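Below is one structure, written out as structure tokens, with a few remarks after it.
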Amino acid sequence: PSALGGPGSLTVPVEYSITYGSRAVADDVVLDGSFELTYDESTTRWLAPFREAMLWPGIRGADHFLIRRSWPRRGRILDRFGRVLAAGGGRRRRYPYGSLAGTTVGFTAPLTRKSVRDAPGDYYCTGDLAGATGLERAYERRLAGTPRVDLAVADRRGKPIVVLATKGGRRPRDVRTTLDMRVQRATAAAFGSTSGGVVVVKPRTGDLLAVVTSFEIDPNNYAGAGGIDPFNRALAGLYPPGSAMKVVTAGAALDSGAVTPRTRLTGPSEYQGVRNFESGSYPSLDFASAVQFSVNTAFAQVAQRVGAKRLI
């Protein structure tokens, strides 16, 4: 100890370490410093002076911590042959095919205080751009990767003085879809202004080659816009299977031998509660014609011949 300020007081240099932990970085940060501990004989107490600078020993001008996040460039969305459906980062995200499969591809939008809670990670903040709809949203984790995070000390103006710790980010990855934009374009042209949705499926694999919905959006017009969730009738619409089930019935009927393409049937306008479109009636037709004209009542009779067990 040494005298300080005259008789009755002593000072002792004391070294200390201060440890900071943050979810933003992987490891704790330890800062070392020292201060003088003073003994006051008049009060018989040791006095430790506190200055705000002691929170950041050895860093002059320190005022507060600063967490900086640097997002990598967002991954691309591609069709099955590598054609680019979405590319670019931030508000420069672009969609070369516009409204062609636009609703399915989706777009990015700023996170709100509410939506940030559902983001796939605690490194998202309000205002960050993230997948809002379609494939952009479904594959957000893959397309976005994770940001590089720096824990720094800044001065009063917010200017970083020193970076104390860094947590590396994860690189984003592209998403290659099963869509074929040539098939998508042809399907959209055939679909025209019809209200509804349609998908083109590759039977051997189940790959979706095209997905078309009425009132397709152009993501280029919505990128960065919040509070919009276009309805994809082809993927999200809930509709009775209708004539699509005729393919199943026909396949089971032919495989089981219940009918042949030439089997004669009747197609009354109504049969046990099943009605034909616009109450059409077919006194006599073969099974091939029943498939061609999608005759509901004829298929109802064929389904009875096949039986529920074979259909299931």
Side-chain angles (χ1 to χ4, degrees), residues 1-75 89-92 108-132 140-173 224 226:
S2 59
L4 176 69
S9 64
L10 299 172
T11 60
V12 177
V14 177
E15 295 182 350
Y16 71 97
S17 296
I18 184 167
T19 301
Y20 291 104
S22 171
R23 289 190 303 171
V25 293
D27 301 320
D28 291 342
V29 174
V30 180
L31 300 178
D32 298 319
S34 64
F35 64 90
E36 291 186 339
L37 192 65
T38 303
Y39 180 74
D40 189 340
E41 292 184 352
S42 63
T43 60
T44 66
R45 292 180 178 180
W46 288 95
L47 304 179
F50 174 77
R51 298 182 303 276
E52 194 168 325
M54 294 172 66
L55 295 174
W56 299 282
I59 305 175
R60 296 189 61 179
D63 182 74
H64 60 274
F65 284 112
L66 177 67
I67 294 177
R68 299 186 302 182
R69 296 170 304 123
S70 301
W71 284 94
R73 186 182 181 89
R74 191 174 180 86
R91 298 186 181 275
R92 295 184 178 180
T108 59
L111 291 170
T112 64
R113 290 184 178 180
K114 182 178 180 180
S115 63
V116 74
R117 302 172 189 168
D118 300 323
D122 58 5
Y123 32 79
Y124 286 88
C125 295
T126 301
D128 284 346
L129 286 175
E140 169 63 20
R141 187 185 296 272
R142 180 186 181 101
L143 289 167
T146 59
R148 168 195 169 104
V149 181
D150 293 330
L151 178 63
V153 175
D155 60 20
R156 292 184 179 181
R157 296 174 295 177
K159 183 179 180 180
I161 300 173
V162 62
V163 174
L164 299 178
T166 297
K167 182 178 181 180
R170 176 173 52 82
R171 295 181 61 182
R173 293 180 292 166

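Since we're looking at a predicted model, the values are computed, not measured.
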Side chain proximity check, [X] to [Y], heavy atoms < 4.5 angstrom:
{"X": "Leu151", "Y": "Val29", "value": "yes"}
{"X": "Ser70", "Y": "Pro147", "value": "no"}
{"X": "Pro57", "Y": "Ile18", "value": "yes"}
{"X": "Pro72", "Y": "Arg171", "value": "no"}

When rounded to the nearest 0.5 angstrom, what is the spacing between [atom1] in [X] and [atom2] in [Y]?
{"X": "Leu66", "Y": "Leu164", "atom1": "CG", "atom2": "CG", "result": "10.5 Å"}
{"X": "Leu10", "Y": "Glu36", "atom1": "CG", "atom2": "CD", "result": "11.5 Å"}
{"X": "Arg92", "Y": "Arg73", "atom1": "CZ", "atom2": "CZ", "result": "9.0 Å"}
{"X": "Asp150", "Y": "Ile67", "atom1": "CG", "atom2": "CD1", "result": "10.0 Å"}

Exercise: identify the closest heavy-atom pair between Ala132 and Ala109: CB-CB, 3.7 Å
Gly131 versus Glu140, closest heavy-atom pair with distance: N-OE1, 2.7 Å
Candidate pair Arg68 and Val149, rule side-chain contact (heavy atoms from CB on, under 4.5 Å), full reasoning: CA-CA 6 Å; Arg68 299 186 302 182; Val149 181; over 6 Å; no
Geometric class of the Trp71/Tyr123 ring pair [parallel <30°, tilted 30-60°, perpendicular >60°]: perpendicular
Ring geometry between Tyr16 and Phe35 (parallel below 30°, tilted from 30 to 60°, perpendicular above 60°): tilted
Derivation and outcome, side-chain contact (heavy atoms from CB on, under 4.5 Å), residues Thr11 and Thr38: CA-CA 4 Å; Thr11 60; Thr38 303; 3.7 Å; yes
Sole candidate of Asp40, Val14, Val12 that passes side chain to side chain contact (heavy atoms under 4.5 Å, CB included) when paired with Trp46: Val12
Flag if over 12 foreign heavy atoms under 6.0 Å of CZ, Arg142: yes
Worked check of side-chain contact (heavy atoms from CB on, under 4.5 Å) between Arg173 and Leu143: CA-CA 5 Å; Arg173 293 180 292 166; Leu143 289 167; over 6 Å; no
Pair Tyr39-Thr44, side-chain contact (heavy atoms from CB on, under 4.5 Å): steps then yes or no: CA-CA 7 Å; Tyr39 180 74; Thr44 66; 3.6 Å; yes
Worked verdict on Asp128 versus Arg69 for salt bridge (charged side-chain N to carboxylate O under 4.0 Å, His left out): CA-CA 11 Å; Asp128 284 346; Arg69 296 170 304 123; 2.7 Å; yes
Residue pairs, two or more places apart or on separate chains, that pass side chain to side chain donor-acceptor pair (under 3.5 Å) and touch residues 22-33: Ser17-Asp32
Pairs satisfying side chain to side chain donor-acceptor pair (under 3.5 Å), at least one member in residues 108-122, at least two apart: Thr112-Ser115
Side chain Thr146, main chain Arg170, donor-acceptor under 3.5 Å: yes
